[in-house]
Colleague: 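Pasting a structure here, questions to come.
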Amino acid sequence: MTTETMKTAGEQSSAPAASAARWKWRSSEGGVLNAFSHVFLLVWALMVGVPLLWALWSSFKTSGDILTHPWSLPSEFHFDNWSRAWSKANIGQYFLNTAFVVGLSTFGTMLLGSMAAYVLARFEFPGNRFIYFLFVGGMAFPVVMVLVPLFFVTKNLGILNTLPGLVLIYIAYSLPFTVFFMTAFFRTLPTTVAEAALIDGASHTRTFFQIMLPMAKPGIISIGIFNVLGQWNQYLLPLVLNQGDTKNWVLTQGLADLAVQQGYQGDWGALFAGLSIAMLPVLAVYIVFQKQVQAGLTAGALK
């Protein structure tokens, strides 16, 4: 056997050993990263979940128990906290106002945003990119910068301190991100179906509402959930632009006012009940549409 043959045989015999060593090192590295990610997710879940659970079980305790034993479970469930929060603290009225405003504004945002995004994604015309970047540029301005102009605009239009005015403001506030998200989503959809519908004589309006919009359902649900969350928890805009009659207040205003009124002799049980009333609908919506949200976020990457 020659020297070259011996070298070749040695290299061939050492190759499986080296491959096994590399596989073992990568496997151990992957196990460490996997364990670290699980620990991180567990810590994050505790940081988010424990305060929510604490607020929920505090809503069934008396004010004295909350102050003296804040971390203990309720020895007795006081459901009257919820009734006092709903009626006496007007949380029920604020809840209905919020549902009205968020429902109409989300519908208007999704309708106008999806129509604008479809046109920007599917049609080429002069100024297409300019209009698109105008929408995208709207995301770069903090809300604080536009509060003063918005105040005078709504005052001159006669919609200051009104729920319809708040609906229009929420729509304008949510449109930039909606158009940005939906434009990218409509670009991932196949054009053959729409072209076939146009060849068959369908108008652009019918093609959009009966064909393209149903195909974009995952994206619509995803951005709709984000809009609901953002508008439901909005505080700065209603605080500045909805200062009138307390009957027109939304949940965030009512809860902030209720929290300011609390003291060591305050009704803390009703306050936590109000927080739970504001929190549970959002959690329920996300839990119900969780799969649709995940599908909408990953659909653009999979197509």
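Sequence positions, counted from 1, serve as the residue numbers for this chain. The shown structure was predicted, so the numbers you read here are calculated from the model rather than taken from an experiment.
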Colleague: Give, for atom CH2 of Trp82 and atom OG of Ser87, the distance between the pair rounded to the nearest 0.5 Å.
Modeller: 13.5 Å

Colleague: Tell me if a side-chain donor or acceptor on Asn128 pairs with a main-chain N or O of Leu120 at a distance below 3.5 Å.
Modeller: yes

Colleague: Listed by chain and number, what are the side chain to side chain donor-acceptor pair (under 3.5 Å) partners of Thr106, not counting sequence neighbours?
Modeller: Gln231

Colleague: With rounding to the nearest 0.5 angstrom, report the CD1 to CD1 distance, Ile221 to Ile225.
Modeller: 7.5 Å

Colleague: Name the atoms and distances for all side-chain donor-acceptor pairs under 3.5 Å in residues 195-208, with sequence neighbours left out.
Modeller:
residue: Ser203; atom: OG; partner: Arg206; partner atom: N; Å: 3.2
residue: Arg206; atom: NE; partner: Gln210; partner atom: OE1; Å: 3.0
residue: Thr207; atom: OG1; partner: Ser203; partner atom: O; Å: 2.8

Colleague: Let me check something: any side-chain donor-acceptor pairs from residues 137-155 under 3.5 Å, sequence neighbours excluded? List them with distances.
Modeller:
residue: Thr154; atom: OG1; partner: Leu150; partner atom: O; Å: 2.8
residue: Thr154; atom: OG1; partner: Phe151; partner atom: O; Å: 2.9

Colleague: What's the spacing between Leu213 CG and Ile211 CD1 if we round to 0.5 Å?
Modeller: 11.5 Å

Colleague: Which atoms form the tightest heavy-atom contact between Ile171 and Leu104, and what is the distance?
Modeller: CD1-O, 4.5 Å

Colleague: Using the ring pair (Phe, Tyr, Trp, His ring centres under 6.0 Å) criterion, which residues pair with Phe272? Sequence neighbours excluded.
Modeller: Trp54

Colleague: Side chains of Ser58 and Trp268 only: does a donor on one sit below 3.5 Å from an acceptor on the other?
Modeller: no

Colleague: Rounded to the nearest 0.5 Å, how far apart are CG of Asn161 and CG of Leu241?
Modeller: 8.0 Å

Colleague: Check whether any side-chain N or O of Thr252 sits under 3.5 Å from a backbone N or O of Gln234 as a donor-acceptor pair, and report yes or no.
Modeller: yes

Colleague: Tell me, please, which residues at least two apart from Arg122 pass salt bridge (Lys or Arg N to Asp or Glu O under 4.0 Å).
Modeller: none

Colleague: Is it true that Gln253 and Asp257 share a donor-acceptor pair across their side chains at a distance under 3.5 Å?
Modeller: no

Colleague: With sequence neighbours excluded, tell me which residues meet ring pair (Phe, Tyr, Trp, His ring centres under 6.0 Å) with Phe79.
Modeller: Phe60

Colleague: Just to verify, what does Asn248 make a side chain to side chain donor-acceptor pair (under 3.5 Å) with, not counting sequence neighbours?
Modeller: none

Colleague: Return a table of donor-acceptor pairs under 3.5 angstrom between the side chains of residues 178-187 and protein atoms on other chains or two or more places apart.
Modeller:
residue: Thr178; atom: OG1; partner: Ser174; partner atom: O; Å: 2.8
residue: Thr178; atom: OG1; partner: Asn227; partner atom: ND2; Å: 3.2
residue: Thr183; atom: OG1; partner: Val179; partner atom: O; Å: 2.6

Colleague: Quick test of your reading: applying ring-ring contact (aromatic ring centres under 6.0 Å, His included), list the pairs with at least one residue in residues 229-252, sequence neighbours left out, ordered by first then second residue.
Modeller: Phe95-Trp232

Colleague: Can you confirm whether more than 12 heavy atoms, excluding those of Phe125, are under 6.0 Å from its CZ atom?
Modeller: yes

Colleague: According to the salt bridge (charged side-chain N to carboxylate O under 4.0 Å, His left out) rule, which pairs have a member within residues 61-84, sequence neighbours left out?
Modeller: Asp80-Arg84, Arg84-Asp267

Colleague: Quick one: closest heavy-atom pair of Tyr170 and Ser105, and the distance?
Modeller: CB-CB, 3.6 Å

Colleague: Taking side chain to side chain donor-acceptor pair (under 3.5 Å) as the test, write out the residues that go with Asn90, two or more places apart.
Modeller: none

Colleague: Picking from Leu237, Asn242, Val240, what satisfies side chain to side chain contact (heavy atoms under 4.5 Å, CB included) with Ile169?
Modeller: Leu237

Colleague: How far apart are the closest heavy atoms of Ser63 and Gly269, and which atoms are they?
Modeller: OG-N, 3.6 Å

Colleague: Using a 4.5 Å cut-off between side-chain heavy atoms of Ile, Leu, Val, Met, Phe, Trp and Tyr, which other residues end up in the same hydrophobic cluster as Val39?
Modeller: Val43, Met47

Colleague: Using modelled atom types and a 3.5 Å cut-off, is there a donor and acceptor pairing between side-chain atoms of Asn81 and backbone atoms of Ser59?
Modeller: yes

